[in-house]
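Contents: one structure, followed by commentary.
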2 protein chains.
Amino acid sequence: MKIGELAKQSGLSTHTLRFYEKQGLIRASTRSESNYRIYSQADLSAVRFVKRSRDMGFSLEEVGVFLSIRADKPAHVCREAKDLAQQKIFEVEQKIHEMQQMLTALHKLSDACCGGNESAEFCSIIEVLDYTSVEQDEGYSVPAGKGKA
Amino acid sequence: MKIGELAKQSGLSTHTLRFYEKQGLIRASTRSESNYRIYSQADLSAVRFVKRSRDMGFSLEEVGVFLSIRADKPAHVCREAKDLAQQKIFEVEQKIHEMQQMLTALHKLSDACCGGNESAEFCSIIEVLDYTSVEQDEGYSVPAGKGKA
DNA sequence: ATAAACCTTAGACTAGACTCTAATGTCAAG
DNA sequence: CTTGACATTAGAGTCTAGTCTAAGGTTTAT
């Protein structure tokens, strides 16, 4: 199949497929007489492998490592793959934790504000941003008084 | 205070402070005779305001909006600020959800693999990446048999 | 034979938030 | 009076992962 068909089958754009090739990730197993990229079913599998890896959060570089393991399994050991997975789990957990902290702060920010058409003169959001730090573990000391608005 | 001191007080680098100025976010209230930026306590407050907003996940552009509300509160209404906050909450929730999906997939990936020094010939991680899609809501059909390894 | 739809390449551009460089000027201390 | 730490500017570079363009060549159907 040609690149357009591969794009359809894989859910990636032709641009992206050529970009991946430039990055050394995937390449067509053959070329037609007119120099068109011709992909096999195995190529499609490889592309899907890449897409799945990306969807799980692996970077193109990490995907490259997986691909090289996949290309010559006996030359590699399980630990290599598992280390990558564990590292990624750690990274994703970190990020989720950070975002949950943000979310907590954002809810405090949002909840304090009436959100109406009142003048922002005493807007709690602006006040909280003026006096609160996100780093704290607890006790975001919202400036006293005012309550909503 | 000069920019180096502001950097220390705010936890941002001098580079970043100048960059924020170029982006139109913060500027020194005065300049010395030798053209050095001279910052006031109010400037420090503004910079901290920016940093806190950033820490909560707002983009520089969004921070700019908050700053303009803060600069002339009576000219704005609470809704403007609250809308931004709510939108950000939505975005962060979305991202957390995505990452939790990844995490689930990653755990399945990792748990299936022994992670030892065994050859990767039958490595479950590579197998799962070959046959599993992250998009599915449930039932990541790990290829049958093999179990660990 | 000609238009539509496909393919090729190198290389530029995008986003967001910095981060750094070069070349130069200023200031405080010893 | 020199050294070192600080400051200035414009502008380039970094990172990741694409995304797009220009200028052409090929294939397929009508």
Side-chain angles (χ1 to χ4, degrees), chain A residues 1-39 43 47 49-67 84 87-88 91-92 95 98-99 102 134, chain B residues 1-39 43 47 49-67 84 87-88 91-92 95 98-99 102 134:
Chain A
M1 78 190 86
K2 284 180 289 183
I3 199 167
E5 182 62 19
L6 184 69
K8 251 175 236 159
Q9 299 287 318
S10 66
L12 296 172
S13 73
T14 58
H15 286 306
T16 298
L17 290 167
R18 290 199 196 92
F19 170 73
Y20 283 178
E21 183 177 299
K22 219 186 294 179
Q23 302 304 299
L25 291 180
I26 44 112
R27 51 187 293 269
S29 38
T30 46
R31 289 278 182 143
S32 74
E33 279 180 27
S34 52
N35 201 33
Y36 284 13
R37 291 167 178 83
I38 303 297
Y39 297 92
D43 292 335
V47 170
F49 180 95
V50 169
K51 187 172 189 318
R52 282 182 202 112
S53 305
R54 291 283 300 118
D55 287 343
M56 287 199 196
F58 293 102
S59 69
L60 293 183
E61 194 179 340
E62 290 157 345
V63 173
V65 176
F66 279 133
L67 278 172
L84 269 181
Q87 177 57 33
K88 188 56 58 182
E91 287 171 25
V92 173
K95 280 220 174 129
E98 275 172 34
M99 304 200 90
M102 279 184 194
V134 135
Chain B
M1 79 190 89
K2 284 180 292 182
I3 198 168
E5 181 62 21
L6 183 70
K8 250 175 235 159
Q9 299 285 317
S10 67
L12 298 171
S13 74
T14 58
H15 285 308
T16 299
L17 290 168
R18 289 199 197 91
F19 170 72
Y20 282 179
E21 183 177 299
K22 219 187 294 179
Q23 302 305 299
L25 292 181
I26 44 112
R27 50 187 295 270
S29 37
T30 47
R31 289 280 182 140
S32 74
E33 279 181 28
S34 51
N35 201 33
Y36 284 12
R37 290 168 179 83
I38 302 297
Y39 296 92
D43 292 336
V47 170
F49 180 95
V50 169
K51 187 172 189 320
R52 282 182 202 111
S53 305
R54 291 285 299 119
D55 288 342
M56 286 196 196
F58 292 101
S59 70
L60 292 185
E61 195 178 340
E62 289 158 343
V63 173
V65 176
F66 279 134
L67 278 172
L84 269 180
Q87 178 57 33
K88 187 56 59 180
E91 287 171 25
V92 173
K95 281 222 171 127
E98 276 172 32
M99 304 201 90
M102 280 185 194
V134 135

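Order of the sequence lines sets the chain letters (A, B, ...), proteins ahead of strands, with each chain counted from 1. This structure is a prediction, so every number in the text was calculated from the model and none was measured.
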Quick one: are B:Met99 and A:Met99 in side-chain contact, heavy atoms under 4.5 Å? yes
With sequence neighbours left out, write down each residue that passes salt bridge (Lys or Arg N to Asp or Glu O under 4.0 Å) with B:Glu21, or none if nothing qualifies. B:Arg31, B:Arg37
Could you work out, with ring pair (Phe, Tyr, Trp, His ring centres under 6.0 Å) as the rule, every residue matching B:Tyr39, not counting sequence neighbours? none
Who passes side chain to side chain donor-acceptor pair (under 3.5 Å) against B:Ser59, sequence neighbours left out? B:Glu62
For A:Thr30, side-chain contact (heavy atoms from CB on, under 4.5 Å) partners two or more places apart: A:Ile38
At a cut-off of 3.5 Å, list every protein nitrogen or oxygen paired with a nitrogen or oxygen from nucleotides 26-30 of chain D, distance to 0.1 Å.
from	atom 1	to	atom 2	distance (Å)
D:dT26	O4'	A:Tyr36	OH	3.0
D:dT26	O3'	A:Ser34	OG	3.4
D:dT27	OP1	A:Ser34	OG	2.9

Tell me, please, which residues at least two apart from A:Ser10 pass side chain to side chain donor-acceptor pair (under 3.5 Å). none
Please find the earliest and latest nucleotides of DNA chain C, in the 5' to 3' direction, that have an atom within less than 4.0 Å of any heavy atom of chain B. C:dA17 to C:dC27
What I'd like to find out is whether the side chain of A:Asp43 reaches to under 4.5 Å of the side chain of A:Ile26, using heavy atoms alone. no
A:Thr14: partners by side chain to side chain donor-acceptor pair (under 3.5 Å), with sequence neighbours left out: none
Can you name the residues that form a side chain to side chain donor-acceptor pair (under 3.5 Å) with B:Gln87, not counting sequence neighbours? B:Glu91
Which pairs, with at least one residue in residues 1-10 of chain A and sequence neighbours excluded, count as a salt bridge (Lys or Arg N to Asp or Glu O under 4.0 Å)? none
How many angstroms lie between atom CG of A:Asp55 and atom CD of B:Glu98, to the nearest 0.5 angstrom? 10.0 Å
If each end axis of the helix from C:dA1-D:dT30 to C:dG30-D:dC1 is fitted on five C1' pair positions, the angle between them, to 10 degrees, is 20°
Could you tell me whether the side chain of A:Tyr20 reaches within less than 4.5 Å of the side chain of A:Leu60, counting heavy atoms only? yes
For residues 3-22 of chain A, which residues have at least one heavy atom under 4.0 Å from DNA chain C? A:Ile3, A:Gly4, A:Arg18, A:Lys22
Given atom CZ of B:Arg27 and atom P of D:dT8, what is their separation to the nearest angstrom? 13 Å
